[in-house]
Number of protein chains: 2
Amino acid sequence: MAYGSALQCLSDPTRREVFERLRSGPKSVGELARGLPVSRPAVSQHLKALKEAGLVNDEPDGARRIYHIDPQGLGELRRWFDQFWDAALQALKREVEKPEPKGRKTP
Amino acid sequence: MAYGSALQCLSDPTRREVFERLRSGPKSVGELARGLPVSRPAVSQHLKALKEAGLVNDEPDGARRIYHIDPQGLGELRRWFDQFWDAALQALKREVEKPEPKGRKTP
DNA sequence: CACTTCCGTAAGCCATGACTTACTGTAAGT
DNA sequence: ACTTACAGTAAGTCATGGCTTACGGAAGTG
């Protein structure tokens with residue numbers, strides 16, 4: 001159940017902001033921290049959490065580290081999420097096909 | 001940005017368990033609390049949070065209240081999530097189509 | 001070899017929130 | 001009307017975790 005840690009990661013607004021910034025492409029830590037209302041070490045800690053959740057990955061580039069979104073964790077999240085999506089669609093379908101057997105709600 | 005509160009809701013394991021139990025169909029509060037390692041008031045508080053996030057809805061049934069999954073919040077979450085999914089697919093596609101223009105990483 | 005830049009880690013502070021018990025309210029049964 | 005079952009709210013406790021500053025290490029530049 002890796003989607004648990006992934007969801008917990010994305011629950012924090014700052015961490016979500018970091019993750020969203022990676023959507024436009026790979027970036028370094030300093031690049032990600034620039035403009036954020038928190039310190040750079042904070043961003044490092046967030047990236048560590050995101051990496052352990054399988055949401056991002058990194059590769060060294062000289063003295064810097066380039067982070068990018070990892071499809072791995074994203075895929076697990078999507079699979080878990082689709083279960084509810086399918087269930088909701090089926091429930092909605094049942095709701096529509098059932099024309100109030102007893103009693104009207106909008107008389 | 002309603003997906004923010006939705007993600008925060010689903011970050012808690014207990015709240016996630018409640019939400020997952022609703023996947024098999026609408027249930028009452030006591031029914032949801034039965035078997036969970038927390039008290040019934042705790043489940044009530046979780047349901048309140050889930051409702052404010054647009055993830056569940058409820059309707060009275062005598063002295064009970066029946067909760068069910070709300071497609072509303074689920075849809076917003078999915079739209080937000082698909083942005084990353086698409087971005088990840090495009091990035092993966094670029095990665096595959098790019099045969100190392102300069103320098104080999106695995107010589 | 002200094003010096004700078006970039007980054008991760010450690011320690012500590014403090015707000016957030018998940019849980020409990022106790023209470024109130026509402027609906028159904030007798 | 002009394003009693004029982006169901007559910008939401010209030011108040012208070014306590015752990016989790018997000019942030020800061022301070023430090024240490026590794027890689028480029030003069």
Side-chain angles (χ1 to χ4, degrees), chain A residues 1-22 25-70 102-103, chain B residues 1 3-22 25-70 102-103 105:
Chain A
M1 53 150 132
Y3 59 87
S5 53
L7 283 171
Q8 190 176 354
C9 267
L10 297 176
S11 68
D12 182 69
T14 305
R15 207 149 40 202
R16 210 162 47 227
E17 174 73 25
V18 169
F19 190 62
E20 289 178 353
R21 289 196 177 199
L22 284 177
K27 291 182 178 39
S28 70
V29 179
E31 204 171 351
L32 286 168
R34 202 182 324 268
L36 283 184
V38 297
S39 67
R40 186 199 48 77
V43 175
S44 259
Q45 295 167 359
H46 284 312
L47 285 169
K48 181 180 181 181
L50 286 167
K51 184 177 180 182
E52 287 176 347
L55 289 171
V56 304
N57 231 324
D58 61 337
E59 36 189 25
D61 174 40
R64 305 186 304 173
R65 293 198 79 84
I66 307 298
Y67 283 82
H68 57 88
I69 289 184
D70 185 358
K102 287 185 180 180
Chain B
M1 53 150 135
Y3 60 87
S5 52
L7 283 171
Q8 190 175 356
C9 268
L10 298 176
S11 67
D12 182 69
T14 305
R15 207 149 41 204
R16 208 162 49 227
E17 174 73 24
V18 170
F19 189 62
E20 289 178 354
R21 288 196 178 200
L22 285 177
K27 291 184 179 35
S28 69
V29 179
E31 203 170 351
L32 287 168
R34 201 183 323 269
L36 284 183
V38 298
S39 67
R40 186 199 48 78
V43 175
S44 259
Q45 294 166 0
H46 284 312
L47 286 169
K48 180 180 181 181
L50 286 168
K51 184 177 180 180
E52 287 176 348
L55 289 171
V56 304
N57 231 324
D58 61 338
E59 36 190 24
D61 173 41
R64 304 186 305 172
R65 293 199 78 85
I66 307 299
Y67 282 82
H68 56 89
I69 289 182
D70 186 359
K102 286 186 180 179
K105 280 178 184 172

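What you see below is based on every heavy atom in this structure, not just the backbone, and it leaves out hydrogens, waters and symmetry mates. Every chain is numbered from 1, with letters handed out A, B, ... down the list of sequences. These figures come from a predicted structure and were not determined experimentally.
Of the listed nucleotides (dG8(D), dC7(C), dC19(D)), dC19(D) has the atom at the smallest distance from the side chain of Ala42(A). Of the candidate nucleotides dG8(D), dT9(C), dC19(D), dC19(D) has the atom lying nearest to any side-chain atom of His46(A). Here the nucleotide nearest the side chain of Gln45(B), chosen from dA7(D), dC7(C), dA11(D), is dA11(D). Comparing dG8(D), dA18(C), dA10(C) by their closest approach to the side chain of Val29(B) singles out dG8(D). Here the nucleotide nearest the side chain of Arg64(A), chosen from dC6(C), dA27(C), dT9(C), is dC6(C). Nearest nucleotide to the side chain of Ser44(A), out of dT20(D), dG8(D), dG8(C): dG8(C).
Contact of Gln8(B) with dT16(C) (side chain to base): no donor-acceptor pair of N or O atoms is detected under 3.5 Å.
Contacts of Arg15(B) with the nucleic acid, taken as non-hydrogen atoms under 4.0 Å apart, involve only primed sugar atoms and P, OP1 or OP2. Within the nucleic acid shown, Glu31(B) has no heavy atom closer than 4.0 Å to any nucleic acid atom. Counting non-hydrogen atoms under 4.0 angstrom, Pro41(B) reaches a base of the nucleic acid.
Where Pro37(A) and Gly62(A) meet DNA chain D, the nucleotide closest to each residue was compared, and Pro37(A) sits on the side nearer the 5' end. Comparing Asp61(A) and Ser11(A) along DNA chain D, the residue whose closest nucleotide (by nearest heavy atom) sits nearer the 5' end is Ser11(A).
Rounded to whole angstrom, the span from the CD1 atom of Ile66(A) across to the C1' atom of dG8(C) amounts to 15 Å. Here the P atom of nucleotide dC7(C) and the CD atom of Glu59(A) are 14 Å apart, to the nearest Å. Put simply, CG on Asp12(A) is 5 Å from P on dG18(D), counting in whole angstrom units. Remark: P of dA28(C) and CZ of Arg65(B) are 13 Å apart, rounded to the nearest angstrom. Between Arg40(B) atom CZ and dA5(D) atom P the separation is 13 Å, expressed in whole Å. The nearest whole Å value for the distance from the NZ atom in Lys48(A) to the P atom in dA10(C) is 7 Å. Nucleotide dA7(D) holds its C1' atom 12 Å from the CG atom of Leu32(B), rounded to whole Å. A straight line from CG of Asp58(B) to P of dG8(D) spans 7 Å, rounded to a whole angstrom.
For the pair Ser39(B) and dC19(C), the criterion of a side-chain N or O lying under 4.0 Å from OP1 or OP2 is not met. When the side-chain nitrogen and oxygen atoms of Tyr67(B) are compared with OP1 and OP2 of dC6(D), none of them lie within a distance under 4.0 Å. For the OP1/OP2 pair of dG18(D) and a distance below 4.0 Å, the side-chain nitrogens and oxygens of Thr14(A) include no atom meeting the criterion.
Residues Leu10(B) and Arg15(B) form no side-chain contact, since every pair of their non-hydrogen atoms from C-beta on lies 4.5 Å or further apart. The shortest side-chain heavy-atom distance between Arg64(B) and Val29(B) does not fall under the 4.5 Å cut-off. A 4.5 Å side-chain heavy-atom check between Asn57(A) and Lys51(A) finds at least one atom pair inside the cut-off. When side chains are defined from C-beta on, Leu47(B) counts as touching Leu32(B), because their heavy atoms get closer than 4.5 Å.
Between the side chain of Ser44(A) and the main chain of Pro41(A), no donor-acceptor pair closer than 3.5 Å is present.
Atom-to-atom distance recorded for Gln8(A):CD and Glu52(A):CD is 11.0 Å, nearest 0.5 angstrom.
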